[in-house]
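Notes follow the structure.
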Amino acid sequence: MSTTHQLETVNFHGDDISVVVGPSGEKLVAMKPICEAIGLQWDAQRQRIQRHVVLNSVASMAKATAADGKTYEYICLPLEYLNGWLFGVDAARVKEEVRDKVIEYQLECFQVLHDHFHGGGHAKSVMQALSDAVALMESDKKLASMHGMALARWKKIRKQHIKAVETATRRAQLLLGF
């Protein structure tokens, strides 16, 4: 007899993704929807998972009830292995609208791996980047009000600052496990 699991949403690097909650509470990522969302061919990625010694050893099949009320069977990876799978994705093959985010994530993976094996400065640099982004935004805000910067110019600069703060916040949240 096969057990049907429920889907749950978790935050992964600033995006909400659906995970299958296993019988012991483990979170499993249904890989086909992830591949489709970023524009990868599912069959090629399924084969890649099957060829990969580590990913194949932790992959499992799970049935889950989706939002439409129907039950589907998914090939899943444990959530903690999604990072490794995504790190190995060829960014040139993903949808153009998500390519920069995938590349940014992969660059961060390189940095985290380096820091883990060579001294651990990543936490300090992530928190410093957040602090610097907030300080720069506050500084420009003061200059704008003191010198009467045109409203349209301030709105443009403000959007850039908000994006920088959001990116730095997302990295800090990942680092701290939020």
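Throughout, numbering of the chain's residues begins at 1 and tracks the sequence.
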What I'd like to find out is whether the side chain of [X] reaches to under 4.5 Å of the side chain of [Y], using heavy atoms alone.
{"X": "Val94", "Y": "Lys101", "value": "no"}
{"X": "Asn83", "Y": "Tyr105", "value": "yes"}
{"X": "Arg99", "Y": "Ile103", "value": "yes"}

What distance separates [X] [atom1] from [Y] [atom2], expressed to the nearest 0.5 Å?
{"X": "Asn56", "Y": "Arg48", "atom1": "CG", "atom2": "CZ", "result": "12.5 Å"}
{"X": "Arg51", "Y": "Arg46", "atom1": "CZ", "atom2": "CZ", "result": "10.0 Å"}
{"X": "Glu80", "Y": "Leu28", "atom1": "CD", "atom2": "CG", "result": "8.5 Å"}

Problem set entry | Chi angles and distances behind the side chain to side chain contact (heavy atoms under 4.5 Å, CB included) call for Val19, Glu8 | CA-CA 5 Å; Val19 296; Glu8 183 179 295; 4.1 Å; yes
Exercise. Where do Lys32 and Ile75 land on the side chain to side chain contact (heavy atoms under 4.5 Å, CB included) test, with the steps shown first?
Worked result: CA-CA 7 Å; Lys32 184 176 181 180; Ile75 293 177; over 6 Å; no
Could you pull out the closest heavy-atom pair between [X] and [Y], with the gap in Å?
{"X": "Val102", "Y": "Ala91", "result": "CG1-CB, 4.1 Å"}
{"X": "Leu82", "Y": "Met31", "result": "CD1-CE, 4.0 Å"}
{"X": "Cys76", "Y": "Ala30", "result": "SG-CA, 3.9 Å"}

Problem set entry | Within 6.0 Å of CD in Glu96, more than 12 heavy atoms from elsewhere | no
Exercise. Hey, is OH on Tyr74 packed in by over 12 heavy atoms from elsewhere, all under 6.0 Å?
Worked result: yes
Exercise. Honestly curious: do Met61 and Leu55 fall in one hydrophobic cluster under the side-chain, below-4.5 Å linking rule?
Worked result: yes
Exercise. Does Ile49 share a hydrophobic cluster with Val54, counting links as ILVMFWY side-chain heavy atoms below 4.5 Å and allowing steps through other members?
Worked result: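 Per the 4.5 Å side-chain linkage, Ile49 and Val54 are co-clustered.
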For this session: Check step by step if side chain to side chain contact (heavy atoms under 4.5 Å, CB included) holds for Ile34 and Trp85.
Result: CA-CA 11 Å; Ile34 295 286; Trp85 171 81; 3.7 Å; yes
For this session: State whether the side chain of Gln106 and the backbone N or O of Phe87 hold a donor-acceptor pair below 3.5 Å, judged by distance alone.
Result: yes
